[in-house]
Colleague: 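The following block contains the structure, expressed as structure tokens.
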Amino acid sequence: MIKIYSTLTRQLEEFKTIEPNVVKWYNCGPTVNGLMHLGHARSAIAFDTIRRYLEYRGYKVDYVMNFTDIEDRMIEVANKEKRQVLEVAEEYLSYFRRDMASINLKPATVHPRAMLHMNPMIEFVEKLVEKGYAYESGGDVYYDIRKFKEYGKLSNQKLENILQEGTEDTKNPNKRFPADFALWKAMKPGEPNWPSPWGKGRVGWSLECSQMSMMYLGETLDIHSGGQDLIFPHHENEIAQSEALTGKPFVNYWLHNGYVNIDKEKMSKSLGNFVNIVELLEHYSPDAVRLFVLQTHYRSPIIFTEDAMDQSQITADRLFNTLLLVKHYAKSEEILESSNEMDEKMIEKTNKSREDFLKGMNEDFNTSIALAVIFDLSHEVNNYIRKTEMINATVIHEVDQFFDEFRSIFGLFENFDQYSSFATLEQLVKLLIELRKNFRNEKNWEMSDKIRDDLKKAGIALEDTPKRILWKLTEE
RNA sequence: GCGGAGUUAGCAAAGCGGCUAUGCGGAAGUCUGCAAAACUUUUGACAGGAGUUCGAAUCUCCUACUCCGCUCCA
């Protein structure tokens, strides 16, 4: 049983989908007005991993992640750069796609863009006006939040505490109530605009997500996710819009990830203290970045420091070494079928590890615990490979299988493909190892070192251990 | 002001009432021609105070501090 924490109920709940074995999931994507930074990446990696886990558990996940390409900030950036909004959107969209791929995020089932859904969005607003939840005022259309009795249920706020005196929007004379939010905004000079029953203008930010999520996934979603900063007002507004329209619950489980903090502040576009993914990947591997994110539970804040990133890089490298070694022996023919006590213990350990791994992941996707299990097993395997008399085929295949599952869920180390012509390579390397053995017996260190060094240059690392000589392909 | 999250060893980070978390680092050792890798042992923590309990990092209360939302943000 998978337990999942929903922001709406503020507790762990048993995860049950509307349709058996299908998850309808909408994840709030970024506004494409800048480069992807670690804050975006944290959210994306966390939910990507949860998605992968659900898929691993046999769910078909319909995962929709939007790109907000028309919104105040988009216009702001376009104006500043003296370009068209569409042009800015296209450019950053392509960067986002590149950066998302670079940290091994699975593409969503659909990546809808707001600008391409203008007509259905207008219809959405019309229906809300018809139902009396929205009103036109000076070319704008606002949501009348006092009509929606449950407004504030997600963010746990009372109406009288929302939007105090002095906030900019309280002065907007078009609004009946200060906290009413815009569903439709009348165009200002120079802004991109679309025709509507209320004149030219564009859609409000929160409406985009309500409309696109329901269009692709239906009136009630299983999961809706995003950063904690979206809880209010964005997701609160989405609930108000969607539930007013359909009269049905909009979302069963609300998931919100914690922030990335840097220098004791939230990392964000507006504070200008963000670390872009492109820059980060100049110093760290994608695996290190994913590991850095996933060592922390997705709801907790992450403190970004270079030191912590360095630690993750080392950890990633060491883990990679072990997995590579296991993969190597899983493909090798140099292993035995008969088994002894040590083999049986190793199989037991592997099964127990999978059990604990699942237990951790089932408890609101505790990737910290899952990783601890992996490190533990990795440790045992290192011991086994170096100390057992003969490496047993069943053992190594079991371990390899589990590590494969782990890698696919965590999205790590997916560059093991270099093993395609493995058999040929193995024969060659074995030959060289034999030769080197002879040189070593003759204490011809010069030749034996030359073989090792030259192999190293060719991307093959040797390691002398008491029981055997290990070899593995190294990363470029 | 209102609403949340939090304070765990040098650093990062789990833990949700009794059981070595884990990773990085530090120390010692094993292996070894050298190298590389790995392993073994070890080091050390629960912000402070009071309470509940046979037993508390874990529950309650108080104090201090930090961050976040209420404005565009993942």
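Letters A, B, ... are given to chains in the order of the sequence lines, protein chains preceding strands, and every chain is numbered from 1.
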Colleague: For B:U40, does either OP1 or OP2 sit under 4.0 Å from a side-chain N or O belonging to A:N383?
Modeller: yes
Colleague: Using a strict 4.0 Å threshold on nitrogen-to-oxygen distance, state whether A:E81 and A:R83 make a salt bridge.
Modeller: yes
Colleague: Can you tell me the base-pairing partner of B:A21? Count Watson-Crick or G-U wobble geometry only, both distances below 3.5 Å, and say none if there is no partner.
Modeller: none
Colleague: For B:C46 and B:C11, measure between their C1' atoms and round to the nearest Å.
Modeller: 16 Å
Colleague: Looking at B:G33, does its base get a donor-acceptor pair with the side chain of A:D449 below 3.5 Å?
Modeller: yes
Colleague: Look at A:N156 and B:G3 and indicate whether a side-chain polar atom (N or O) is within less than 4.0 Å of OP1 or OP2.
Modeller: no
Colleague: Going by number, which of residues 356-366 of chain A have a non-hydrogen atom under 4.0 Å from RNA chain B?
Modeller: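 Residues of residues 356-366 of chain A that come under 4.0 Å of RNA chain B are, in numerical order, A:N366.
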Colleague: Specify the residue among A:R436 and A:S300 whose closest nucleotide of RNA chain B lies further upstream toward the 5′ end.
Modeller: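 It is A:S300, whose closest nucleotide lies nearer the 5' terminus.
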Colleague: Can you tell me how far C1' in B:C31 sits from the matching atom in B:A36, rounded to whole Å?
Modeller: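 The answer is 12 Å between these two C1' atoms.
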Colleague: Report yes if a donor N or O on one partner sits less than 3.5 Å from an acceptor N or O on the other, where the partners are the side chain of A:D229 and the base of B:C68; otherwise report no.
Modeller: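 Between B:C68 and A:D229, which were checked side chain against base, a qualifying N/O pair under 3.5 Å is absent.
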Colleague: Taking atom C1' in both B:U52 and B:A12, compute the distance separating them and give it to the nearest angstrom.
Modeller: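 Between the two C1' atoms, the distance is 33 Å.
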Colleague: State whether the distance check finds a donor on one side and an acceptor on the other, under 3.5 Å, for side chain A:Q311 versus base B:G23.
Modeller: yes
Colleague: When you compare B:G33 with B:G26, how far apart are their P atoms, in angstrom units rounded to a whole number?
Modeller: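 Looking at atom P only, B:G33 and B:G26 are 26 Å apart.
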Colleague: Does any nucleotide pair with B:C2 by Watson-Crick or G-U wobble geometry, both distances under 3.5 Å, and what is it?
Modeller: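 With both distances under 3.5 Å, B:C2 matches B:G69.
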Colleague: Go through A:Y216 and A:K24 one step at a time and tell me if the side chain to side chain contact (heavy atoms under 4.5 Å, CB included) criterion holds.
Modeller: CA-CA 9 Å; A:Y216 289 100; A:K24 295 177 182 300; over 6 Å; no
Colleague: Are OP1 or OP2 of B:A5 and a side-chain N or O of A:R299 less than 4.0 angstrom apart?
Modeller: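 So the side-chain polar atoms of A:R299 never come under 4.0 Å of the phosphate oxygens OP1 or OP2 of B:A5.
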Colleague: Determine which nucleotide pairs with B:G55, using a 3.5 Å limit on both distances of a Watson-Crick or G-U wobble pair.
Modeller: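 The answer is none; no pair meets the criterion.
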Colleague: Whether A:K266 contacts B:G69 is assessed here as follows: a side-chain N or O lying under 4.0 Å from the phosphate OP1 or OP2. Is that the case?
Modeller: yes
Colleague: Are OP1 or OP2 of B:A37 and a side-chain N or O of A:N321 less than 4.0 angstrom apart?
Modeller: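 Checking A:N321 against B:A37: no side-chain N or O falls below 4.0 Å of OP1 or OP2.
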Colleague: How about CD on A:Q11, more than 12 heavy atoms from neighbouring residues, nucleotides or ligands closer than 6.0 Å, or not?
Modeller: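 Result for CD/A:Q11: enclosed.
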Colleague: Under a 3.5 Å limit for both distances, which nucleotide forms a Watson-Crick or G-U wobble pair with B:A27, could you say?
Modeller: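 Pair assignment: B:A27 / B:U41.
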Colleague: With a 4.0 Å cut-off, would you call A:R386 and A:E463 a salt bridge?
Modeller: yes
Colleague: Salt bridge check, A:R146 against A:D180: does any charged N sit closer than 4.0 Å to a carboxylate O?
Modeller: no
Colleague: Is the distance from OP1 or OP2 of B:U40 to the nearest side-chain N or O of A:H379 less than 4.0 Å?
Modeller: yes
Colleague: Strictly below 4.0 Å: does A:R318 bring a side-chain N or O up to OP1 or OP2 of B:G23?
Modeller: no
Colleague: Mind checking the P distance from B:A21 to B:U42? Whole angstroms is fine.
Modeller: 13 Å
Colleague: Do A:S225 and A:N257 have side chains that get closer than 4.5 Å, going by heavy atoms?
Modeller: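 With C-beta onward as the side chain, the pair stays apart.
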Colleague: Under a 4.0 Å N-O cut-off, is there an ion pair linking A:E90 with A:R113?
Modeller: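 Salt bridge present between A:E90 and A:R113.
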Colleague: Considering every strand shown, what is the Watson-Crick or G-U wobble mate of B:C16 when both distances are under 3.5 Å?
Modeller: none
Colleague: I'd like to know whether the aromatic ring centres of A:F15 and A:Y253 sit less than 6.0 Å apart in this structure.
Modeller: yes
